[in-house]
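Chain A is the first sequence line, chain B the second, and so forth, proteins listed ahead of strands; every chain is numbered from 1.
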2 protein chains.
Amino acid sequence: MEMTDLLTFSTVARLGGITRAAEELNTVQSNVTQRIKALEAEIGTALFERHSRGMTLTGAGRRLLPYAQRMAALSREAVLAARDDGEPKGPLSIGSMETTAAVRLPTLLAEFHRRYPAVRLTLRTATTADLVAAVLDGSLDGAFVAGPIEHAELAATVAFTEELVLVTAQRWTSLAALRAGTPESGPTALVFRTGCTYRQRLEQVFTEFGWPSAVRFEFGTLDGMIGCVAADMGVTMLPRAVVERDHVHRDVNIHKLKAPHAHVETLFIQRRTAHQYSALQGFLACLDQQEASAAA
Amino acid sequence: MEMTDLLTFSTVARLGGITRAAEELNTVQSNVTQRIKALEAEIGTALFERHSRGMTLTGAGRRLLPYAQRMAALSREAVLAARDDGEPKGPLSIGSMETTAAVRLPTLLAEFHRRYPAVRLTLRTATTADLVAAVLDGSLDGAFVAGPIEHAELAATVAFTEELVLVTAQRWTSLAALRAGTPESGPTALVFRTGCTYRQRLEQVFTEFGWPSAVRFEFGTLDGMIGCVAADMGVTMLPRAVVERDHVHRDVNIHKLKAPHAHVETLFIQRRTAHQYSALQGFLACLDQQEASAAA
DNA sequence: CCTGATTACGAAATACGTAATAATC
DNA sequence: GATTATTACGTATTTCGTAATCAGG
């Protein structure tokens, strides 16, 4: 049960074919075939069903796959843990919602880089759902997501508290005006791609206003979305701090929401079982300090 | 990061030397040296400190070791999971307290073997503390231990409920007689080796009787202990069912205890994260059925 | 000198790559 | 005939084992 074999196995399983896997692994078909056959011989059962358009997992293969993935993740982590002598350095992958990345992270990341220049930090923005999955499977060391999160394998700390506001074009001076000036079915909702938590909040508010599930447009970036709100394509819901950044807040109006919808906590999540990397600890220290100075 | 290298690494770490490791791994010194050097080169730091009487782990080595062990455990489990097609078969390691093994398991294991002859079941008796550790590190698939157990990684179900009784030699006809006939410091306590839960209960009862922490003798086996109780070497605490087995209950007296001490639940524990082996599922099915028929 | 780790080097095993083959659509 | 997996076989790399060497007590 060598790691090389497990990696080829995972790759074939993911790409559904030996040819494609060989390409990704920078080797040739015959080699991949042999590695798979070696694994099958060792385990004593077929892992793939061969058919003309590639390979699909058998039952045994499906049972093996999660082990192969966990072992690969452990292997990566093991190297980092062994190298980690307490001095923050090496790679650190952080995830964030688009909104948090826009307003909260710039100063935090700058400070982090100033203090620990040896850490190669990479930031990935995605929706809360994607980020949670990425932290769980080890492809991110930690992430900023919208609370609440309840998961046995995740440790979460409150990083920021945001006030959610409804954002409309300039011409809507109040919520009442908006309600009066829109059709029965309500305004168009502009939302992030599936998995975004703010989107769910927006749907709750729409329901409360008596607007049926409205037409939605999905965006991948924050700036695109705000631009379209300014052009009165529709409305959206965002943290107040995001909207109040200089270059956008003059083109839109913000509207306070009632208490149950108004607040959302941004959590920093990490895996409980992961090694406490020095780099990650350093990041948490920066975060704590920023919180403390913000509170003062 | 190949498994072979990690296995040699673990072995050298455990045995503290390349020569001893080579012997256990059925290979030669030079080979072990090379595998270790390959790992060190891959990780980029020394994993052992070399000194004249062998090798000891460096900090990096200590950080790597738990990963190596977890990966080895996963590797073993992966093979079993892949091979497990739903038909109970293959190896199954169950642990049990000595007392449970004596009175509860014989019929259960017989029934299990009748239903699933393809499973090679091995039983290991040890104390609750040892069993919990063994289940956690994967060397046991499940175990019968004394409750309560609270651990995030363990799933526990109540398997049996036992009435704990104080066991003395024949001549002590009542608790009162025992208290009158023993010195100020109380009778000698006969207990299992460290880690046994019944032992803790016994200490509580002794404290309640005003006996200071009494002289204790430790035993490894149930029969040895009961034999010594019969010979009036001391007293012990055991489930009633254990004592009432035919061949011992004539030589000793049993004494009921007050409610808080009287009952203890025997739990069956297993790891939450482990693959649900068919063999283990079959075992649980047998257990459920025995419970149901006992209740009827 | 004895124990135990490392180095050197040839032998064996294994993995890899090229190319031909088979199978399926 | 295009796509994809397998087989055959030669080459390259890696691992393994023997034996010599080095280091510490």
Taking atom [atom2] of [N] as reference, at what distance in whole Å does atom [atom1] of [X] sit?
X	N	atom1	atom2	answer
B:E49	C:dT6	CD	P	13 Å
B:D5	D:dC16	CG	C1'	13 Å
A:E2	D:dT15	CD	C1'	11 Å
B:L7	D:dT15	CG	P	15 Å
B:L15	C:dA5	CG	P	11 Å
A:F48	D:dT6	CZ	P	10 Å
A:I36	D:dT6	CD1	P	9 Å
B:M55	D:dG24	CE	C1'	15 Å

Side chains of B:Q69 and B:S10: do they bring a donor and an acceptor to under 3.5 Å?
->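 There is no such pair between these side chains.
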Short side-chain donor-acceptor distance under 3.5 Å, B:E49 and B:T58 |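 Their side chains do not contain a donor-acceptor pair, so the 3.5 Å distance test is not met.
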How far does NE2 of B:H113 sit from SG of B:C286, to the nearest 0.5 angstrom?
->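 Taking NE2 in B:H113 and SG in B:C286, the distance rounds to 11.5 Å.
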N-O pairing of A:R271 and A:E77 below 4.0 Å |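 Salt bridge present between A:R271 and A:E77.
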With A:R35 as reference, evaluate A:T11, A:D5, A:T4, A:T8 under the side-chain hydrogen bond (donor to acceptor under 3.5 Å, both in side chains) test and give the passing residue.
->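 Of A:T11, A:D5, A:T4, A:T8, side-chain hydrogen bond (donor to acceptor under 3.5 Å, both in side chains) with A:R35 is met by A:D5 alone.
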Expected list for residues 37-44 of chain B: side-chain donor-acceptor pairs under 3.5 angstrom, two or more places apart:
from  : atom 1 : to    : atom 2 : distance (Å)
B:E40 : OE1    : B:R50 : NH2    : 3.0
B:E40 : OE2    : B:L47 : N      : 2.7
B:E40 : OE2    : B:F48 : N      : 3.4
B:E40 : OE2    : B:R50 : NH1    : 2.9
B:E42 : OE1    : B:M1  : N      : 2.8
B:E42 : OE2    : B:M1  : N      : 2.3

Is any side-chain N or O of [X] closer than 4.0 Å to OP1 or OP2 of [N]?
X	N	answer
B:R53	D:dG24	no
B:R50	C:dT6	yes
B:K37	C:dA5	no
A:R35	C:dC16	yes

Mapping A:T4 and A:H51 onto DNA chain C by nearest heavy atom, which one lands closer to the 5' end?
->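 With A:T4 and A:H51 compared, the 5'-side residue is A:T4.
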B:F283 vs B:F112 aromatic rings, parallel, tilted or perpendicular, using cut-offs 30° and 60°?
->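 Perpendicular.
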Neighbours of DNA chain C within residues 19-34 of chain A, by heavy-atom distance under 4.0 Å =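 A:T27, A:V28, A:S30, A:N31, A:Q34, in order of number.
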